[in-house]
Amino acid sequence: MKVAVFSTQSYDKQYFNLVNEDFDHEFIFLEPALNADTAILASGCRGVCVFVNDKVDAKTLEILHQNGTDTIVLRCAGFNQVDLDSAKGLGINVYRVPSYSPEAVAEHAVAMMMTLNRKTHKAYNRVREGNFSLERLIGFNLNGKTVGILGLGQIGLAFAKIMQGFGCKVIAYDPVVANAPANVTLVNLDTLMTTADMISIHCPLNDHTHHLINQNRFEQMKRGVMLINTSRGAILDTHAAIEALKQGKLGYLGIDVYEQEDKLFFRDLSESLIEDEQILRLMSFSNVLITAHQGFFTTEALTEIAQTTLQNLDAAESGQSTGNKLT
Ligand code: NAI
């Protein structure tokens, strides 16, 4: 299938071309993100491939449809960026990669926890400058602490397994999951908020989870709590997080995702003026760690994403059914 790949980075090209040796698709790699202004670039392409910050809204879908696109393949798990009802109405088939490497994201969440706690990022810089002092590097033992998981799906479960290895007490809130694995206790949201020493977000972004972590939730949390978000930026109310950091209520914040990340992430802005006041404020806190949506970024995950995406294109061409189809 001829496919326009939006928001292309060098690694997308590398892994898609490598995996395509076993398939037979034709890729047009495009750097711009997909939106109503750029949709015209996919003219003549039956397929369109998108990532997390492409805007696949009703207007964009209409333009794609008018120009011959009937298949959209997401090279990610979350699908909050796509208006599925509009796609369905236009007869556009949408596929995603529901699972590629939950461990990749879970391990990144743990990496953020460990960095924030033991301050290895600061120690690294200090030692390079010949500063061997331990002042202000004190951390805490994870062993015996309570970690709360929001969303006990694939990534939440992988994260739970790792935290059990650290000797943590693991509690989780998930409105859908009825049975948790051994040593993971399902609790309600209020209990999770009030008892966890560390909270890690692993639920999808939707109407119910938008700003799920807000001022009221911060008020419930323990003073000095650690919060990690590797899921989607808008699950966390950034303004409320900044206020909680200022008041010392939030002791540590690790985010791999950010509400306004579509204007920042996946590009080098080191020589540009950053106009996003909220990210600048977050960057000013020494107890905040920001990574630019790299939870998925492992060799294993990139290979799996490319393989499943190309299989989804095969399925679209042949009409065979697959559990990866959203519409
Ligand atoms: P999943 O679908 O396996 O699990 C999500 C879980 O969240 C489900 O068990 C669901 O019942 C639960 N959930 C739904 N509403 C909830 C609520 N209101 N409160 C608590 N739990 C709720 O999804 P998976 O694969 O574990 O991925 C989770 C999220 O991680 C994705 O939606 C995506 O946004 C994010 N993600 C981030 C990546 C990164 O690079 N940072 C990469 C891949 C996914």
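Throughout, numbering of the chain's residues begins at 1 and tracks the sequence. Order of listing sets the numbers, starting from 1, for every ligand and every atom in it.
- Residues Ser200 and Met113 are not in side-chain contact: their nearest non-hydrogen atoms beyond the backbone lie 4.5 Å or more apart.
- Heavy-atom contacts of Tyr100 reach the following atoms of ligand 1: 42 (C), 43 (C) (cutoff under 4.0 Å).
- Between Lys59 and Glu62 there is no salt bridge, since no side-chain nitrogen of the basic residue lies less than 4.0 Å from a carboxylate oxygen of the acidic one.
- Atoms of ligand 1 lying under 4.0 Å from any heavy atom of Gly295, numbered from 1 in the order shown and given with element: 40 (O).
- There is no protein heavy atom less than 4.0 angstrom from atom 23 (O) of ligand 1.
- With a 4.0 Å cut-off on non-hydrogen atoms, Asp256 touches ligand 1 through its side chain and not its backbone.
- Residue contact annotation: Pro175 has a non-hydrogen atom under 4.0 Å from ligand 1.
- Polar contact check, Phe296 against ligand 1: a nitrogen or oxygen pair lies under 3.5 Å apart.
- In terms of protein heavy atoms, atom 4 (O) of ligand 1 is closest to Gly153 CA, 3.2 Å.
- In Lys13, the NZ atom is not crowded: 12 or fewer heavy atoms of neighbouring residues, nucleotides or ligands sit closer than 6.0 Å.
- Closest heavy-atom approach to atom 13 (N) of ligand 1 among the candidates Ala109, Pro204, Gly78, Ala172: Pro204.
- The nearest non-hydrogen atom to atom 25 (O) of ligand 1, considering only His202, Gln294, Gln154, comes from Gln154.
- Proximity annotation for atom 6 (C) of ligand 1: of Leu157, Ile255, Asp174, Asp174 comes nearest, heavy atoms only.
- Checking atom 36 (N) of ligand 1 against the protein gives a heavy-atom contact under 4.0 Å.
- Aromatic rings of Phe51 and Phe296 (six-membered ring for Trp) have centroids within the 6.0 Å cut-off, being under it.
- Considering both main-chain and side-chain atoms, Thr230 comes within under 3.5 Å of ligand 1 through a nitrogen or oxygen pair.
- Contacts of Phe297 with ligand 1, taken as heavy-atom pairs under 4.0 Å, are absent altogether.
- At least one heavy atom of His293 sits less than 4.0 Å from an atom of ligand 1.
- Residue Val105 has at least one heavy-atom neighbour below 4.0 Å for each of these atoms of ligand 1: 38 (C), 42 (C), 43 (C).
- Remark: the Arg217 side chain and the Gln220 side chain contain an N/O donor-acceptor pair separated by less than 3.5 Å.
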